[in-house]
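Below is one structure, written out as structure tokens; the observations come after it.
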2 protein chains.
Amino acid sequence: MVAGCLTVKLSPELLQRFAASGIRLTKQREEVFGLLLQKRDHPTATEVFLRAKKHMPSISLATIYNCLDALVDWGLVKQVNLDRAPTRYCANLQEHSHFYCESCGAISDVDIPFDGRWDLPPGFIVAHAEVSLKGLCAKCSAERFVRDGSTGAGGVPAQYPKTKTPNQKRHS
Amino acid sequence: MVAGCLTVKLSPELLQRFAASGIRLTKQREEVFGLLLQKRDHPTATEVFLRAKKHMPSISLATIYNCLDALVDWGLVKQVNLDRAPTRYCANLQEHSHFYCESCGAISDVDIPFDGRWDLPPGFIVAHAEVSLKGLCAKCSAERFVRDGSTGAGGVPAQYPKTKTPNQKRHS
DNA sequence: AAGCCTTTTTAGAATTATTCTTGATATTGT
DNA sequence: ACAATATCAAGAATAATTCTAAAAAGGCTT
């Protein structure tokens, strides 16, 4: 009971990548990813759902969440969380930050995240800026290095050795 | 039916400020604010609730939310949102950023938000950094300045003239 | 192509953080 | 003290998201 043609045809290279990596690219995932590539306005899961239904009337919201989660897991899509508003999704894989317009609610991508100033398009006015860091605190990094026999000295790469985090859900 | 002594006595200066500003400092608000000042570990509303109940057994979670919202409105407390985890509350009024430890879940304050590098305590390892900007996009700032008769030229202060935002809830 | 195994989709129930509603209670100004 | 106003409490309501169980689809082997 699958509907007609997809919104966006993925590039052969991308399809190749999927095939090579053992990832199963279902019609639904292809549709969801295609929608995100096509209209890069940071839609919420519900918005993606509404758009997807036009082409696949039988798709369910749970599937949208499943697909988005899968795409996020594969590193093809990024979640954008602003305050407690519904999570938005973004197919821009370049490192970038987000700008939320407090007047119209639009979310724009901002290039070059942090090395002094942001590369804001002309006319944009920043009222509030917020930085969230994640990683290992002193205590935990010490423990980790003791266990792994590493020195823990300076120049540690950003991607520290990952050990299984206990039962942590996707966005923790 | 109000319980015994508060966890933390607020400073006379602060009490003065409340009195002067017409803000009504109720026992519940005082307790909640005191708890945040006393143990600065960025508790969630539920955690504040559990702590408050020890001193005010009759307090309700809704009241905790009310008090926290009021404190946030008065600028005495900041909300800390990390991904979609429950909102945490922070009585540190200094401009600062937050560091989330992906191993133990602790949230630390990080001084000096963005001017090159962050002032991280030794041992902290950053794996991911995220910057969220808020303000006015080009379209909206143009509209605003046309309406207000301002030039819109460079050097605009971060605190642009606020007009009523239509029915926007606290965290939008 | 048939059978078998695994993954995915679906629909709806469940969860969870937060907000809303309503009546009770407390506080302030007169 | 009395009215006017603001706040609190309890539980219902909301909304985003996740979970569950069963059906469907995809792949692989023969």
Side-chain angles (χ1 to χ4, degrees), chain A residues 1-3 6 15 18-33 42-50 52-53 55-74 77 79-89 167-172, chain B residues 1-3 6 15 18-33 42-50 52-53 55-74 77 79-89 167-172:
Chain A
M1 199 181 286
V2 172
L6 297 175
L15 294 173
F18 280 110
S21 60
I23 288 166
R24 191 185 291 181
L25 186 64
T26 64
K27 287 267 186 286
Q28 289 86 344
R29 289 174 179 174
E30 198 173 350
E31 170 71 10
V32 166
F33 189 43
H42 308 87
T44 62
T46 304
E47 284 163 354
V48 172
F49 177 51
L50 293 176
K53 273 213 291 197
H55 299 257
M56 306 177 82
S58 72
I59 202 167
S60 76
L61 180 56
T63 298
I64 300 294
Y65 274 106
N66 286 342
C67 293
L68 289 170
D69 284 351
L71 291 166
V72 169
D73 282 348
W74 303 337
V77 163
Q79 289 184 318
V80 181
N81 287 298
L82 275 135
D83 297 334
R84 297 205 65 71
T87 300
R88 294 168 175 280
Y89 296 85
N167 201 22
Q168 247 172 10
K169 288 273 79 164
R170 198 153 288 108
H171 26 317
S172 51
Chain B
M1 200 182 289
V2 173
L6 297 175
L15 294 173
F18 279 110
S21 61
I23 287 166
R24 192 184 291 179
L25 186 64
T26 64
K27 288 265 184 288
Q28 288 86 346
R29 290 173 179 174
E30 199 173 351
E31 170 71 10
V32 167
F33 188 43
H42 308 86
T44 63
T46 305
E47 284 162 356
V48 173
F49 176 50
L50 295 175
K53 273 213 291 199
H55 299 257
M56 307 178 83
S58 72
I59 202 167
S60 76
L61 179 56
T63 297
I64 300 293
Y65 273 108
N66 286 340
C67 293
L68 289 170
D69 284 352
L71 291 166
V72 168
D73 282 349
W74 304 335
V77 164
Q79 289 184 317
V80 181
N81 286 299
L82 275 136
D83 297 338
R84 298 206 65 71
T87 300
R88 296 169 173 280
Y89 296 85
N167 200 24
Q168 246 171 9
K169 289 274 79 162
R170 195 151 292 111
H171 27 320
S172 51

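In what follows, chains are A, B, ... by sequence order, proteins preceding strands, each numbered from 1.
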Can you measure [X] atom [atom1] to [N] atom [atom2] for me and round it to whole angstrom units?
X: Arg29(A); N: dT9(C); atom1: CZ; atom2: C1'; result: 10 Å
X: Leu61(B); N: dC8(D); atom1: CG; atom2: C1'; result: 13 Å
X: Ile64(A); N: dC19(D); atom1: CD1; atom2: C1'; result: 18 Å
X: Phe49(A); N: dA11(C); atom1: CZ; atom2: C1'; result: 11 Å
X: Asp69(A); N: dC19(D); atom1: CG; atom2: C1'; result: 12 Å
X: Met56(B); N: dA10(D); atom1: CE; atom2: C1'; result: 16 Å
X: Arg88(B); N: dT18(C); atom1: CZ; atom2: P; result: 10 Å
X: Ile59(A); N: dA23(D); atom1: CD1; atom2: P; result: 21 Å

**OP:** May I ask you to test the Asn81(A)-Asn81(B) pair for a side-chain heavy-atom distance under 4.5 Å?
**Re:** no
Subject >> Check: Gln79(A) and Tyr89(A) side chains under 4.5 Å, non-hydrogen atoms >> reply: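 Yes; the side chains approach each other to less than 4.5 Å.
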Minimum heavy-atom separation for [X] and [Y], please, with both atom names.
X: Ala52(B); Y: Glu31(B); value: CA-OE2, 4.0 Å
X: Phe49(B); Y: Ile59(B); value: CE1-O, 3.2 Å
X: Ala45(A); Y: Leu61(A); value: O-CD1, 4.1 Å

Subject >> Side chain Glu47(A), main chain Thr44(A), donor-acceptor under 3.5 Å >> reply: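 Here the side-chain-to-backbone pair exists.
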Original post:
For the side chain of Arg29(A) and the backbone of Ile64(A), is there at least one donor-acceptor N/O pair under 3.5 Å apart?
Top reply: no
Could you go through nucleotides 27-30 of chain C and list every protein N or O atom that sits under 3.5 Å from one of its N or O atoms, giving the distance for each pair?
none

Original post:
Side-chain N or O of Tyr65(B) less than 4.0 angstrom from OP1 or OP2 on dT19(C)?
Top reply: no
**OP:** Determine: side-chain N/O of Arg84(A) to OP1/OP2 of dA16(D), distance under 4.0 Å, yes or no.
**Re:**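 It does not, given that no N or O in the side chain of Arg84(A) lies less than 4.0 Å from OP1 or OP2 of dA16(D).
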For the [atom1] atom of [X] and the [atom2] atom of [Y], what is their distance to the nearest 0.5 Å?
X: Tyr65(A); Y: Thr46(A); atom1: OH; atom2: OG1; result: 5.0 Å
X: Lys27(B); Y: His55(B); atom1: NZ; atom2: NE2; result: 14.5 Å
X: Leu68(B); Y: Asp73(B); atom1: CG; atom2: CG; result: 11.0 Å
X: Asp83(B); Y: Arg84(A); atom1: CG; atom2: CZ; result: 10.0 Å

[X] side chain: which of [options] is closest?
X: Ala45(A); options: dT17(D), dA9(D), dT9(C); value: dT17(D)
X: Thr87(B); options: dT18(C), dC8(D), dT9(C); value: dT18(C)
X: Cys67(B); options: dA17(C), dC8(D), dT9(C); value: dC8(D)
X: Ser58(A); options: dT10(C), dT18(D), dT8(C); value: dT10(C)
X: Gln28(B); options: dT10(C), dA9(D), dT17(D); value: dA9(D)

Original post:
Given that Ser60(A) and Pro86(B) both sit by DNA chain C, which one's nearest nucleotide is further toward the 5' end?
Top reply: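 Between the two, 5'-proximity favours Ser60(A).
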**OP:** Would you mind reading off the bend of the helix from dA1(C)-dT30(D) to dT30(C)-dA1(D) from its two end axes, five pairs each, to 10 degrees?
**Re:**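 If I round to tens, the end axes sit 30° apart.
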Original post:
For DNA chain D, whose closest nucleotide is more 5', that of Asn66(A) or that of Thr44(A)?
Top reply: Thr44(A)
Sub-3.5 Å pairs of nitrogen or oxygen atoms, protein against nucleotides 12-15 of chain C:
none

